[in-house]
Amino acid sequence: QEQLVESGGGWVQAGDSLRLSCVASGRSFSGYFMGWFRQAPGKEREFVAAISPSSGITYYTDSVKGRFTISRDNAKNTMYLQMNSLKPEDTAVYYCAANFVGGRRTDDYGYWGQGTQVTVSS
């Protein structure tokens, strides 16, 4: 059974850094686009970043460009999100997702993790 499991969330202060991890199991996702989404309380789930299977293509939502970096290690079946200069508005549950074809919409992704909470205090 395919599974994505996020970790690395926590409570930090504004300006701090966190690195999220997403470990895939049950199958190899090395040929899949993978992405990060987030959902703040009372808001819809939104796209954060995505990475192509070979890591040659990455794209981000404008609000995190220059602060967040997405990467992956296909040998470990793991994806990462390095988050620097965190802001209170980054507070959300962060989800990893995978799909054969990348995109920015939640409907583009067929595999989802359970999420990890990131809380940034001012």
Are I51 and F100 joined in one hydrophobic group, where the rule is that I, L, V, M, F, W and Y side chains link up if heavy atoms are under 4.5 Å apart?
yes
Same apolar cluster (I L V M F W Y, side chains within < 4.5 Å links), L86/V48:
yes
Atom of [X], atom of [Y] and distance for their closest heavy-atom approach:
{"X": "R72", "Y": "S55", "result": "CG-OG, 3.2 Å"}
{"X": "Q114", "Y": "L4", "result": "OE1-O, 3.6 Å"}
{"X": "G113", "Y": "Y95", "result": "O-CD2, 3.6 Å"}
{"X": "S121", "Y": "P88", "result": "C-CG, 4.4 Å"}

Could you check E89 against T91 for side chain to side chain donor-acceptor pair (under 3.5 Å), going step by step and ending with a plain yes or no?
CA-CA 5 Å; E89 50 264 43; T91 295; over 6 Å; no
Before giving the answer on side chain to side chain contact (heavy atoms under 4.5 Å, CB included), spell out for Y94 and L81 the whole-Å C-alpha distance, their side-chain angles and the decisive distance to 0.1 Å.
CA-CA 10 Å; Y94 283 71; L81 184 68; 4.2 Å; yes
Determine, stepwise, if the pair D90 / K87 fulfils salt bridge (Lys or Arg N to Asp or Glu O under 4.0 Å).
CA-CA 5 Å; D90 295 318; K87 303 176 180 181; over 6 Å; no
So does [Y] get a backbone contact from the side chain of [X], meaning a donor-acceptor N/O pair under 3.5 Å?
{"X": "T78", "Y": "K76", "answer": "yes"}
{"X": "T116", "Y": "G9", "answer": "yes"}
{"X": "N77", "Y": "R27", "answer": "yes"}
{"X": "Q82", "Y": "F68", "answer": "no"}

Heavy-atom check, side chain of M79 versus side chain of F29, under 4.5 Å:
no
With the side chain counted from C-beta on, respond yes when Y60 and R67 share a heavy-atom pair under 4.5 Å apart, and no when they do not.
no
Roughly how far apart are [X] [atom1] and [Y] [atom2], rounded to 0.5 Å?
{"X": "I70", "Y": "Y80", "atom1": "CD1", "atom2": "OH", "answer": "12.5 Å"}
{"X": "S52", "Y": "M34", "atom1": "OG", "atom2": "CE", "answer": "12.0 Å"}
{"X": "E6", "Y": "C22", "atom1": "CD", "atom2": "SG", "answer": "5.5 Å"}
{"X": "K43", "Y": "R38", "atom1": "NZ", "atom2": "CZ", "answer": "8.5 Å"}

Is it the case that the ring center of W112 lies less than 6.0 angstrom away from the ring center of F37?
yes
Between V118 and V120, does the side chain to side chain contact (heavy atoms under 4.5 Å, CB included) criterion hold? Intermediate values first, please.
CA-CA 7 Å; V118 172; V120 184; 4.1 Å; yes
If the condition is side chain to side chain contact (heavy atoms under 4.5 Å, CB included), which residues does Y59 pass it with, not counting sequence neighbours?
F33, F47, A50, I57, R104, Y109
Can you give each donor-acceptor pair under 3.5 Å made by side-chain atoms of residues 10-18, sequence neighbours left out, with the distance rounded to 0.1 Å?
| residue | atom | partner | partner atom | Å |
| --- | --- | --- | --- | --- |
| D16 | OD2 | Q13 | N | 3.2 |
| S17 | OG | N84 | OD1 | 2.9 |

